[in-house]
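Shown next, in structure tokens, is the structure this report addresses.
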Amino acid sequence: MRAVRLTNAAGRDTTVRYAATRIAPSPALGKVGRPAQFRRYLASDSEGLHEALVSAHGDDYAQALIDGDPEVDIERVGRAIGQTSVVFLSSTGDVMHAPPEVVEVLFSAAGEERERRAPKEVESNVGADSPVRWTGRRMKRIDVVRRFVLHRTLQIYHVDGLTFDYLHDIAKDLHESDEMVLMGGGEKGKAPLVFQTNGTPQRAFLEGRVEGERFQLLLHLSNAELKRPEAKPA
Amino acid sequence: MAKSIVLSHDGTTSSFDFAKITRAQLYGRKRRIPLGADGEACTRVSLSSDGSFLLRSGMSAQGYFDDQGTWIPTKELVGIDPEGRAVAFVPSTLGEPQELQGPHPAQDLLDLQVDAVYALEPVEAATDLTAALDAGEIFSFPFNYRGDYQAGQAFLVGNDEGYFALVGQTAEPEWCVLDEIAPPDFDEDTEGDDDLDFEML
């Protein structure tokens with residue numbers, strides 16, 4: 001579990017731990033009594049790709065495939081592919097020996113290119129120096145689930161007796177009011193949370209549940225509202 | 001034409017057309033493009049660990065193999081549970097009436113790990129159901145887009161924008177008690193009101 005500094009309604013912060021909630025894994029695929037392994041393998045070499053076949057046999061190369069299997073190099077096709085390294089090829093197909101420059105392209109919701117710019121690095125704002133702050137903005141649970149897509153949940157865990165009381169109090173407050181509170185990051189504590197450099201910024205809503213002396217404190221993450229895309233112009 | 005989502009509730013049947021919603025459709029998207037020295041886009045490929053071949057798009061495939069290295073055709077694959085027993089096939093729920101469960105408390109939807117969101121368009125919707133959704137009630141139903149070995153769950157939600165199905169699997173958070181302190185585990189994978197600015201995300 002990772003550590004996170006969490007602030008309460010009084011502005012006091014402490015360091016606790018968090019982990020993603022888990023779902024049951026999907027059943028593995030295979031045959032009964034015959035274990036199966038999922039593998040990536042070489043399906044064709046470069047001479048078997050469409051462009052190479054067109055240049056060797058012309059546009060209509062179907063009969064050539066039937067007659068001679070030119071797309072199958074029997075020595076190589078079927079080989080398992082293990083670890084690989086990323087390599088960039090220039091527009092002329094040559095291996096590049098220096099890292100490429102990168103441009104960031106922004107597309108509108110309609111899919112049109114809006115802007116090209118140098119990539120903007122997005123720094124993480126969740127860590128030992130950056131508490132996740134209580135914004136004070138509270139919403140009923142039912143309002144949150146009807147307005148936002150909450151696609152990921154992190155569960156907050158105590159690390160000792162003091163943090164147990166600290167988290168239990170937060171959970172009890174939220175549970176009894178049936179509310180969730182918006183948590184924020186950054187200096188002002190209002191920015192969306194970024195858990196790792198260049199990670200997706202997320203809005204975060206803290207939810208608490210209490211049953212007697214036990215509690216659940218859950219940070220629900222969202223990067224979208226529950227709404228329809230605007231209709232594209234005809 | 002794609003089949004509809006058909007739902008039974010209090011003895012009446014409603015059907016909805018549906019369309020998947022992505023974040024890019026709502027807010028746009030960013031893409032990083034590598035450029036070569038000539039300013040033209042370059043291509044990302046993979047070099048095999050022994051350096052013997054460059055893998056371009058279209059050169060690899062994937063599949064299941066037995067311990068002898070023999071490929072297993074997809075039609076022969078079945079779901080296997082951790083004890084090695086076959087799991088029952090769960091057919092697609094599309095076009096088949098599914099019984100609505102609920103209304104649920106918001107907490108049940110909060111436990112859903114959402115994989116997909118669909119906007120629903122009522123084709124024939126019972127007024128009792130739409131009235132309940134408009135009033136903020138939440139329902140659930142079994143959902144499997146295509147047949148496989150794991151039953152999915154969907155929650156039916158309404159708001160000012162319309163009706164939506166949120167599809168995923170339910171997680172079960174743990175209860176924290178005083179004398180059980182979770183140990184640190186640094187292998188853990190940790191990704192990732194109207195004036196909340198989602199455009200900025």
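Treat the numbers as computed from the prediction; the structure is a model and nothing was measured. Chain naming here is simple, since letters A, B, ... match the order of the sequence lines and numbering starts at 1 in each.
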_Heavy-atom check, side chain of B:Val6 versus side chain of B:Thr13, under 4.5 Å_ = yes
*Taking B:Asp148, B:Asp66, B:Asp115, B:Asp50 one by one, which has the highest count of heavy-atom pairs under 4.5 Å against chain A?*
B:Asp66
*What part of A:Leu218 gets closer than 4.5 Å to chain B, counting heavy atoms only: side chain, backbone, both or neither?*
side chain
*Given that the side chain runs from C-beta out, which part of A:Leu193 has a heavy atom under 4.5 Å from chain B: side chain, backbone, both or neither?*
neither
*Which of these passes salt bridge (Lys or Arg N to Asp or Glu O under 4.0 Å) with A:Glu104: A:Lys120, A:Arg116, A:Arg117?*
A:Arg117
*Is the NZ or CZ atom of B:Arg29 positioned over A:Phe107's six-membered ring, under 6.0 angstrom from the centre and within 45° of the axis?*
yes
*Could you give the distance from NZ (A:Lys190) to CG (A:Leu182), rounded to the nearest 0.5 Å?*
10.0 Å
*Side chain, backbone, both or neither: which part of A:Pro99 has a non-hydrogen atom closer than 4.5 Å to chain B?*
neither
*Report the C-alpha separation of A:Ser44 and A:Glu71 in whole Å, then their side-chain angles, then the decisive distance to 0.1 Å, and conclude whether the side chain to side chain donor-acceptor pair (under 3.5 Å) test is met.*
CA-CA 7 Å; A:Ser44 164; A:Glu71 80 283 18; over 6 Å; no
*Determine the option with the most heavy-atom pairs under 4.5 angstrom with chain B, choosing from A:Ser91, A:Ser85, A:Gly82.*
A:Ser85
*Region of A:Arg76 that comes under 4.5 Å of a non-hydrogen atom in chain B*: side chain
*Does anything in residues 134-147 of chain B get under 4.5 Å of chain A by heavy atoms, and if so which residues?*
B:Asp134, B:Gly136, B:Ile138
*Between the side chains of A:Tyr157 and B:Glu174, does any donor sit under 3.5 Å from an acceptor?*
yes
*Select, from B:Ser52, B:Pro82, B:Ser57, B:Gly162, the one with the greatest count of heavy-atom pairs under 4.5 Å involving chain A.*
B:Ser52
*Can you tell which part of B:Gln107 gets under 4.5 Å to a heavy atom of chain A, answering side chain, backbone, both or neither?*
both
*asked:* Less than 4.5 Å to any heavy atom of chain B: does that hold for the side chain of A:Ser90, its backbone, both, or neither?
replied: backbone
*asked:* Could you measure the distance from the CD1 atom of A:Ile170 to the CD1 atom of A:Ile156? Nearest 0.5 Å is fine.
replied: 9.0 Å
_What part of A:Gln155 gets within 4.5 angstrom of chain B, counting heavy atoms only: side chain, backbone, both, or neither?_
side chain
*What distance separates A:Leu42 CG from A:Glu75 CD, expressed to the nearest 0.5 Å?*
12.5 Å
*Examine whether an atom of A:Ile142 lies under 4.5 Å from a heavy atom of chain B, and if so say whether it belongs to the side chain, the backbone or both; otherwise answer neither.*
both
*asked:* Please determine whether side chain to side chain contact (heavy atoms under 4.5 Å, CB included) holds for the pair B:Thr12 and B:Leu129, giving the CA-CA distance in whole Å, both sets of side-chain angles, and the decisive distance to 0.1 Å.
replied: CA-CA 9 Å; B:Thr12 57; B:Leu129 176 59; over 6 Å; no
*For A:Leu49, is it the side chain, the backbone, both or neither that has a heavy atom under 4.5 Å from a heavy atom of chain B?*
side chain
*Most heavy-atom pairs under 4.5 angstrom with chain A, which of B:Trp175, B:Phe53, B:Trp71?*
B:Trp175
*asked:* What part of A:Thr21 gets within 4.5 angstrom of chain B, counting heavy atoms only: side chain, backbone, both, or neither?
replied: both
*Apply side chain to side chain donor-acceptor pair (under 3.5 Å) to the pair A:Glu225 and B:Tyr27, showing each step before the final yes or no.*
CA-CA 10 Å; A:Glu225 294 152 288; B:Tyr27 307 109; 2.5 Å; yes
*asked:* Among B:Val78, B:Val117, B:Asp160, which residue has the highest count of heavy-atom pairs closer than 4.5 Å to chain A?
replied: B:Val78
_Any residue meeting side-chain contact (heavy atoms from CB on, under 4.5 Å) with A:Asn198, in chain and number order, not counting sequence neighbours_ = A:Glu121, A:Val122, B:Arg32
*Pick one of side chain, backbone, both or neither for A:Val95, based on which atoms fall under 4.5 Å of a heavy atom in chain B.*
side chain
*Do you know which of B:Ala24, B:Gly28, B:Ala41 has the most heavy-atom pairs under 4.5 Å to chain A?*
B:Gly28
*Pair A:Asp178 + A:Arg141: basic N to acidic O under 4.0 Å*: yes
*Gap between atom CZ of A:Phe205 and atom CG of A:Leu150 - 0.5 Å precision*: 6.5 Å
*A:Arg40, A:Arg146, A:Glu101: which one forms the most heavy-atom pairs within less than 4.5 Å of chain B?*
A:Arg146
_What verdict does the ring pair (Phe, Tyr, Trp, His ring centres under 6.0 Å) test give for B:Tyr118 and B:Phe16, after you've listed the backbone C-alpha separation in whole Å, the side-chain angles of each residue and the deciding distance to 0.1 Å?_
CA-CA 10 Å; B:Tyr118 296 96; B:Phe16 297 85; over 10 Å; no
_If you count heavy-atom pairs within less than 4.5 Å of chain A, which of B:Thr70, B:Asp38, B:Leu55 leads?_
B:Leu55
*Side chain from CB out, backbone as N, CA, C, O: work out which of these in A:Glu207 comes under 4.5 Å of a heavy atom of chain B, or both, or neither.*
side chain
*asked:* Whether A:Arg228 and B:Glu121 form a salt bridge (side-chain N of Lys/Arg under 4.0 Å from carboxylate O of Asp/Glu) is what I want to check.
replied: yes
*Are any side-chain N or O atoms of A:Glu179 and backbone N or O atoms of A:Arg138, one a donor and one an acceptor, separated by less than 3.5 Å?*
no
